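So the structure is just underneath, and the comments pick up after that.
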Amino acid sequence: MYTPAITGTGVYTPENIITNAELVEAFNAYADRMNAEYADAIAAGEMEPMQHSSEEFIVKASGIENRYVMDKTGVLNPEIMHPALRQRSDDEPGIMTEMAVDACRKALAQAGRDAEHVDLVICAASNHERAYPAIAIEIQQALGIEGFGFDMNVACSSATFGIQAAADMVRSGSVRAALVVNPEICSGHLEWRDRDCHFIFGDVATATLVERRDNANGPHFEIISTRCATSFSNNIRNNNGFLRRSRPDGVKDRRDMQFMQNGRKVFKEVLPMVSKHISDHMEAEGISSDNLKRLWLHQANKTMNDFIGKKVLGREPEAEEQPNILQDYANTSSAGSIIAFSKHSDDLSDGDVGLICSFGAGYSVGSVIVKRHQ
Ligand code: COA
């Protein structure tokens with residue numbers, strides 16, 4: 001058996017930023033247009049008027065200030081209200097591959113590794129742009145990696161579940177090194193016309209190189225242990241899928257074909273599940289809260305993270321102990337905890353222990369306990 005380690009991470013950040021102010025202006029213009037279009041039905045009491053969104057609410061309810069997106073022109077156009085992406089030919093790299101390759105190259109560079117040392121690509125994300133061939137295989141080809149690749153989807157927990165799969169294969173010796181890559185185009189599944197959630201998501205790609213610790217070229221994080229759990233819930237759901245056209249009204253512009261959530265219930269049910277999951281995982285590994293130097297949590301909501309951090313550490317966490325990036329990136333689904341890890345881990349000292357945790361739809365929760373080696 002080999003000891004797996006994270007030797008490099010990379011983050012691809014799209015060029016376009018949407019601020020809360022821009023987002024709210026576009027949403028309110030859309031709401032005004034809808035209210036004008038359906039003025040008669042609203043006056044007759046057959047329809048509720050759409051209400052305006054507000055920057056104050058967004059920051060207070062979520063902590064989000066900005067988000068990066070692959071396209072902002074469509075999202076901010078009140079006549080479109082979704083990303084407007086160029087149609088690519090089948091001979092060009094797909095958009096997810098393009099984002100993923102950038103993040104993977106950064107992870108390889110940090111680890112001082114070439115593609116020839118990697119045997120596996122796992123594309124772990126909440127959405128995949130096509131059914132097949134697997135996006136991972138396209139990424140594998142673009143990077144010039146021998147071996148194999150596959151896609152997986154556990155929504156917001158995809159990255160940690162992918163790291164567990166990669167770490168187990170490295171441990172057993174079936175692969176020498178694996179890239180777990182999370183290209184998340186959340187702007188594509190977000191319903192930008194829904195005031196309750198239009199501010200939640202952003203786009204990004206993250207990559208994590210998992211390899212044998214004894215092959216590490218420099219500072220790295222030994223993977224001490226991983227733990228994954230799922231429990232079925234409809235409180236975060238998206239009904240889009242390959243049977244869409246086979247069902248009555250399936251191809252209509254239906255609300256349930258985008259991200260839907262019962263945010264309050266998610267809060268109430270996911271928080272205890274995640275807090276207990278982390279505490280149990282730490283206890284099983286003999287790690288007390290005093291010995292945990294850093295928590296890199298899923299980045300969905302600041303209040304949620306504050307609650308989990310306090311529960312796990314038994315006190316208010318210091319800002320650097322539990323870094324948030326959601327104010328800049330919004331919720332980037334599976335990539336969030338990896339962005340936090342990638343941007344806020346270099347300063348840890350030899351022997352410091354930290355925990356990466358992602359959670360979300362499924363419900364699902366995954367945790368990875370790591371130890372820094374200089
Ligand atoms: N602007 C202004 N007001 C808004 C608004 C907006 N954009 N969106 C909703 N409101 C209103 C609501 O209509 C509601 O009004 P009411 O009290 O008159 O009914 C009020 O603000 C509170 O709405 P609510 O949905 O209860 O807010 P919340 O405090 O629960 O925050 C979320 C909403 C979505 C940010 C929060 O529930 C959340 O983050 N949940 C978990 C998210 C999560 O982790 N999801 C995982 C996804 S992978």
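Note that ligands are numbered from 1 as they come in the structure, with each ligand's atoms numbered from 1 the same way. Please read these numbers as outputs of a predicted model, since none were measured by experiment.
A cation-pi arrangement is not found for Arg171 relative to Tyr2, the charged atom failing to lie both closer than 6.0 Å to the ring centre and inside a 45° cone about the ring normal.
Side-chain atoms of Val353 and Arg294, non-hydrogen and from C-beta on, never get closer than 4.5 Å to each other.
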Open item on the list: Could you go through Asn331 and Gln299, starting from their C-alpha distance and side-chain angles, then the distance that decides it, and tell me whether this counts as side chain to side chain contact (heavy atoms under 4.5 Å, CB included)?
Closed with: CA-CA 5 Å; Asn331 182 347; Gln299 302 284 314; 5.9 Å; no
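In Glu25, the CD atom is not crowded: 12 or fewer heavy atoms of neighbouring residues, nucleotides or ligands sit closer than 6.0 Å.
Residues Leu23 and Ile17 are members of separate hydrophobic clusters, defined by side-chain heavy-atom contacts under 4.5 angstrom among Ile, Leu, Val, Met, Phe, Trp and Tyr. Cluster membership for Tyr329 and Ile58, using ILVMFWY side-chain heavy atoms within less than 4.5 angstrom, is not shared. In the hydrophobic clustering of ILVMFWY residues, with side-chain heavy atoms under 4.5 Å counting as a link, Val270 and Phe201 come out together.
For atom 14 (C) of ligand 1, the nearest protein heavy atom lies 4.0 Å or farther away. For atom 7 (N) of ligand 1, the nearest protein heavy atom lies closer than 4.0 Å. Within a 4.0 Å radius of atom 27 (O) of ligand 1, the protein contributes one or more non-hydrogen atoms.
Checked against Thr7 for a side-chain hydrogen bond (donor to acceptor under 3.5 Å, both in side chains), the options His220, Glu211, Gln110 give a single hit: Glu211.
Atom 43 (C) of ligand 1 has Gln261 OE1, 3.6 Å as its closest protein atom, hydrogens excluded (heavy atom only). Of the protein's non-hydrogen atoms, Asn331 ND2, 3.6 Å is the one closest to atom 47 (C) of ligand 1. At the top of the distance list for atom 4 (C) of ligand 1, counting protein heavy atoms only, stands Arg195 CZ, 3.5 Å. Taking atom 36 (C) of ligand 1 as the reference point, the nearest protein heavy-atom neighbour is Phe267 CE1, 3.6 Å. Among all protein heavy atoms, the one lying closest to atom 48 (S) of ligand 1 is Cys156 SG, 2.9 Å. Given atom 29 (O) of ligand 1, the protein heavy atom at minimum distance is Arg264 NH2, 2.9 Å. Atom 20 (C) of ligand 1 has Phe57 CE1, 4.0 Å as its closest protein atom, hydrogens excluded (heavy atom only).
Checked against a 3.5 angstrom limit, the closest N/O atoms of His52 and ligand 1 fall outside it. For Ser54, a nitrogen or oxygen atom sits less than 3.5 Å from a nitrogen or oxygen atom of ligand 1, counting backbone and side chain alike. Residue His298 has no N or O atom closer than 3.5 Å to an N or O atom of ligand 1. For ligand 1, one of its N or O atoms has an N or O atom of Gly263 under 3.5 Å away.
Using a 4.0 Å cut-off between heavy atoms, Ile236 contacts ligand 1 through its side chain alone, with no backbone atom that close. Counting heavy atoms under 4.0 Å from ligand 1, residue Ala61 touches it through both backbone and side chain. With a heavy-atom cut-off of 4.0 Å, Asp196 touches ligand 1 through backbone and side chain alike.
Residues Lys310 and Asp306 are not paired through a salt bridge, judged by the lack of any N-O separation under 4.0 Å between the basic side chain and the carboxylate. Taking a cutoff of 4.0 Å between a charged side-chain nitrogen and a carboxylate oxygen, Asp119 and Arg176 qualify as a salt bridge.
Residue contact check: Met304 has heavy atoms under 4.0 Å from atoms 44 (O) of ligand 1. Atoms of ligand 1 found under 4.0 Å from any heavy atom of Ala300 (numbered from 1 in listed order, with element): 44 (O).
Using bins of under 30°, 30° to 60° and over 60° for the plane-to-plane angle, the ring pair His281/His277 lands in the perpendicular bin.
The shortest heavy-atom contact between Val181 and Val121 is CG1-CG1, 4.1 Å.
Among Val266, Asn301, Asp194, Leu23, the residue whose heavy atom sits closest to atom 39 (O) of ligand 1 is Asn301.
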